[in-house]
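Letters A, B, ... mirror the listed sequences (proteins, then strands); counts begin at 1.
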Number of protein chains: 2
Amino acid sequence: MTDRYQQFSTSGVGRLLVKRLGLPNPTPLRRFKRGEPALDGPALIGGAPGGRLLDQVSSVLKASGIEVLTSALPVPPGGERGPSYGGLVFDATGISTVEQLRGLYDFFHPVVRSVGACGRIVVLGTPPEKVAGAEELIAQRALEGFVRSLGKELVRGATAQLVYVEAGAEDKIESTLRFLLSGKSAYVDAQVIRVGTHGGNAAEPDDWSAPLAGKVALVTGASRGIGAAIADVLARDGAHVVALDIPAMGGDLAKVANRVGGSAFQLDITAADAPAKLVEYLSGRHGGVDIVVHNAGITRDKKLANMKEAAWDAVLSVNLASQLKVNDALLSQGVLRDGGRIIGVSSIAGIAGNLGQTNYGASKAGVIGMVNAFAPVYAERGITINAVAPGFIETQMTAAVPLFIREAGRRMNSMAQGGLPVDVAETIAWYANPASGAVNGNVVRVCGQSLLGA
Amino acid sequence: MTDRYQQFSTSGVGRLLVKRLGLPNPTPLRRFKRGEPALDGPALIGGAPGGRLLDQVSSVLKASGIEVLTSALPVPPGGERGPSYGGLVFDATGISTVEQLRGLYDFFHPVVRSVGACGRIVVLGTPPEKVAGAEELIAQRALEGFVRSLGKELVRGATAQLVYVEAGAEDKIESTLRFLLSGKSAYVDAQVIRVGTHGGNAAEPDDWSAPLAGKVALVTGASRGIGAAIADVLARDGAHVVALDIPAMGGDLAKVANRVGGSAFQLDITAADAPAKLVEYLSGRHGGVDIVVHNAGITRDKKLANMKEAAWDAVLSVNLASQLKVNDALLSQGVLRDGGRIIGVSSIAGIAGNLGQTNYGASKAGVIGMVNAFAPVYAERGITINAVAPGFIETQMTAAVPLFIREAGRRMNSMAQGGLPVDVAETIAWYANPASGAVNGNVVRVCGQSLLGA
């Protein structure tokens with residue numbers, strides 16, 4: 001599970017060799033640690049004329065302890081080391097013509113070189129599909145090509161994101177900006193996120209360091225890997241975690257549950273009576289549930305010509321059908337409380353397809369369908385449904401992948417390294433936050449801007 | 001412009017070396033030639049129970065000269081060479097549950113190994129966003145993960161596509177199936193295409209070998225490369241081509257216009273009076289225009305920190321702003337006739353972004369925005385707007401790319417080779433076809449299922 005290449009490449013001798021040979025040189029990513037500042041330096045903010053988010057951006061950043069600059073720091077003459085920004089945030093909602101896209105250039109060109117290691121760039125726009133005028137739609141859609149290109153230029157672990165904020169949702173961006181402008185989004189890069197007007201009033205947590213206090217979170221497949229990391233992070237944020245896995249994983253499951261001060265629940269979610277048992281357990285022991293993370297998933301890889309029927313059925317059943325049955329039971333029985341959160345785990349394979357994974361790819365594309373289908377329905381009750389789509393994450397599963405393929409998957413992204421389970425978990429915790437009620441229907445890749453795509 | 005590696009790898013000695021060393025072994029792609037059959041073998045068709053397209057599929061295939069089989073050919077025992085299919089077509093519109101996705105496995109598993117070189121797989125579904133039931137939406141969305149995974153498994157130049165056909169559009173699929181089930185789609189792989197109900201009655205061409213007879217087609221940037229190929233293909237299909245390029249390319253432009261029996265029109269489309277001049281020329285000389293292909297595009301690559309203002313402005317102006325002005329002029333002056341076709345050229349860089357192309361990526365994402373913005377508006381007049389997004393295409397532009405980057409771009413796709421300009425042109429000719437009135441708002445990649453994506 002350790003990235004030995006990265007250990008080597010950041011050692012004294014390794015660093016030299018990497019440089020001489022032109023090998024990938026991954027920057028150790030700055031991840032969230034309690035007590036450390038959100039960003040490693042001040043954030044410069046700016047916006048195109050007519051934008052509607054700059055005041056809100058400024059106050060959110062200040063509230064999260066970030067020093068806010070509204071004009072660029074002076075660059076010293078000659079070879080001296082210039083200023084270093086922890087982040088750059090640009091409000092592009094005022095851009096309504098192709099010509100005004102020039103505002104992106106004018107803001108970023110002089111300062112993009114001064115973004116520090118693991119710095120954060122965020123561009124804010126209006127969802128193109130919500131814009132009435134054709135040219136404004138086009139200009140807003142163009143932001144995506146800009147941000148994705150910029151993501152590929154950034155070095156040393158810096159990231160760039162595009163957040164489309166619906167008109168009327170100006171006061172609902174705090175949880176998203178806090179996530180993106182921190183180490184919590186270390187391996188999220190070049191993503192397009194939508195913040196809508198649904199979700200009622202923004203429910204700002206009493207304490208941003210324990211936003212899930214008083215919440216009950218169900219995590220399936222929680223005995224190890226990404227699932228265990230999700231349990232850790234949700235518990236860190238204050239939730240009582242119900243860690244679920246199949247009985248065969250009972251030992252590991254108990255360890256995770258104990259570690260996070262939660263409960264272990266052994267259940268095969270594909271069993272016919274699983275939804276009923278889950279309803280009984282959650283309502284009986286916990287009076288309901290607030291957060292459901294459908295992390296349980298399996299692979300049974302084979303080319304379609306060589307795939308057994310059982311491999312197709314098992315993957316579709318665990319990764320997709322069981323989730324639908326569980327959602328249906330929790331919703332119809334009123335076990336998922338109003339303001340609840342459902343979070344699916346898709347995959348790059350569900351977006352771009354993958355060799356030997358017709359079953360897995362179908363199931364993970366279905367998870368995206370699940371988000372699309374239910375987001376508008378659930379919104380009426382203040383419940384959200386979103387998904388993460390992990391890229392190459394360092395786990396026991398990926399450690400078993402043959403070396404060459406593993407190295408290709410691990411390096412072929414803008415970070416030149418794999419992500420960690422915690423990176424997926426932090427993204428899920430952002431969705432789970434009570435202040436994320438307007439974050440609904442999103443599928444965000446946690447992939448370091450993997451080159452692999454659709 | 002030649003692919004020397006492919007020439008080498010298909011030679012006697014080369015073939016041996018490639019096999020021993022495990023190097024990529026690209027199959028020479030079968031491209032359209034007049035007089036040759038659409039497919040190299042019979043097509044097996046099937047469908048999930050309750051589907052609504054199988055009859056139409058059968059008659060379209062027969063009309064295009066394809067032998068249609070409705071049950072699999074017997075596989076000889078032992079080591080004998082089995083049957084070889086030119087195509088497999090599966091109607092998945094009857095699939096409304098996750099469990100029914102098993103129909104994909106049941107149809108493809110026994111026969112996918114028998115798809116011949118450059119064979120064609122097409123899965124037909126219902127657009128998820130047009131489906132009322134949640135589980136049907138999810139199942140239909142899952143098709144995408146299946147098809148994209150299958151595309152990565154197929155060998156020897158075979159392709160797989162997903163066509164979402166809206167309810168009510170059953171009689172509007174002929175131009176799309178003829179395109180996909182032929183050498184015309186040689187480098188189109190793992191794409192998702194939508195056929196809608198708009199566009200009035202399907203206008204079946206009198207002669208499928210000259211579907212554009214009597215039409216006037218404007219092609220910008222037509223003096224060479226992809227633009228010249230577009231002129232060739234549209235002229236082959238019967239159109240009178242107005243080849244447009246800047247005066248500095250006048251010599252090459254005249255050659256193309258002469259070759260295709262069309263007209264050359266020298267114009268800088270970024271000039272303030274260009275739209276007016278174009279209106280005057282097209283209405284005066286040709287009484288209007290039926291097909292507009294916005295192929296003209298430039299690159300001015302630099303990292304944003306090093307990019308000059310002029311490089312930003314020029315790329316946005318040529319690749320995006322000028323197209324909007326031209327469309328506006330042609331539409332508002334009534335020069336683009338009812339039933340017209342507007343076709344934009346986007347790029348993988350507009351989808352996934354590209355290093356050093358913040359300007360180009362923004363402009364090409366804007367082209368996608370242009371399609372999104374105008375498709376519903378134009379549909380009312382029977383006009384369609386779509387775009388192609390080329391991946392690695394062998395042109396003078398890509399020949400100038402440094403060797404290592406060129407080889408990576410060229411091989412990192414399911415075809416292990418670059419496409420040819422004609423592949424982009426054939427895709428455009430499909431959009432331009434009068435029978436493609438229900439093909440609107442699509443962005444189709446011509447990329448051999450490039451691994452590079454968003």
Contact check, side chains of B/Thr358 and A/Glu153, non-hydrogen atoms, under 4.5 Å:
yes
Quick one: does B/Leu451's side chain get under 4.5 Å of A/Leu451's, heavy atoms only?
no
Value for CD (A/Gln100) from CG (B/Leu316), rounded to nearest 0.5 Å, stands at 12.0 Å
Looking only at heavy atoms and a cut-off of under 4.5 Å, which of A/Gly356, A/Ala190, A/Ala373 has the most pairs with chain B?
A/Ala373
Tell me which of these, B/Val371, B/Val192, B/Asn306, B/Leu143, has more heavy-atom pairs under 4.5 Å with chain A than the rest.
B/Asn306
Taking every heavy-atom pair that is under 4.5 Å apart, which of A/Ala305, A/Gly361, A/Pro110 has the most such pairs with chain B?
A/Ala305
A/Arg141 CZ to B/Ile368 CD1 distance, which is reported to the nearest 0.5 Å:
4.5 Å
Go through A/Gly145, A/Cys447, A/Ser347 and name the one with the most non-hydrogen pairs under 4.5 angstrom from chain B.
A/Gly145
A/Leu304 to B/Phe108 - nearest heavy-atom pair and separation:
CD2-CB, 3.5 Å
Okay, side chain of A/Tyr105, backbone of B/Met307: is any donor-acceptor separation there less than 3.5 Å?
yes
Side chain, backbone, both or neither: which part of A/Ala139 has a non-hydrogen atom closer than 4.5 Å to chain B?
neither
Could you pull out the closest heavy-atom pair between A/Ala321 and B/Val98, with the gap in Å?
CB-CG1, 4.0 Å
Pairwise side-chain contact, B/Arg102 with A/Glu309, heavy-atom cut-off 4.5 Å (strictly under)
yes
What residue, out of A/Arg113, A/Glu99, A/Gln140, A/Glu136, has the most heavy-atom pairs lying under 4.5 Å from chain B?
A/Arg113
Tell me if a side-chain donor or acceptor on B/Lys152 pairs with a main-chain N or O of A/Gly353 at a distance below 3.5 Å.
yes
Report the C-alpha separation of B/Phe374 and A/Leu137 in whole Å, then their side-chain angles, then the decisive distance to 0.1 Å, and conclude whether the side chain to side chain contact (heavy atoms under 4.5 Å, CB included) test is met.
CA-CA 10 Å; B/Phe374 291 113; A/Leu137 187 164; over 6 Å; no
For A/Ser149 and B/Leu355, indicate whether the former's side chain and the latter's backbone hold a donor-acceptor pair under 3.5 Å.
no
Taking A/Arg148 for the side chain and B/Ile351 for the main chain, is one N or O donor matched with an acceptor at less than 3.5 Å?
yes
Close side-chain approach of B/Leu324 and A/Glu135, heavy atoms under 4.5 Å:
yes
Taking side chain as everything from C-beta outward and backbone as N, CA, C, O, which of these in B/Lys303 sits under 4.5 Å from a heavy atom of chain A? Side chain, backbone, both or neither.
both
Please flag which part of A/Asp313 lies under 4.5 Å from any non-hydrogen atom of chain B: side chain, backbone, both or neither.
side chain
Contact part of A/Gln449 toward chain B, heavy-atom cut-off under 4.5 Å: side chain, backbone, both or neither?
side chain
Please work out which of the three classes, parallel, tilted or perpendicular, describes the rings of A/Phe146 and B/Trp312, given edges at 30° and 60°.
perpendicular
Could you look at B/Lys325 and say if it's the side chain, the backbone, both or neither that has a heavy atom under 4.5 Å from chain A?
neither
Top of B/Asn354, B/Val377, B/Val112 for chain A proximity - count of heavy-atom pairs under 4.5 angstrom
B/Asn354
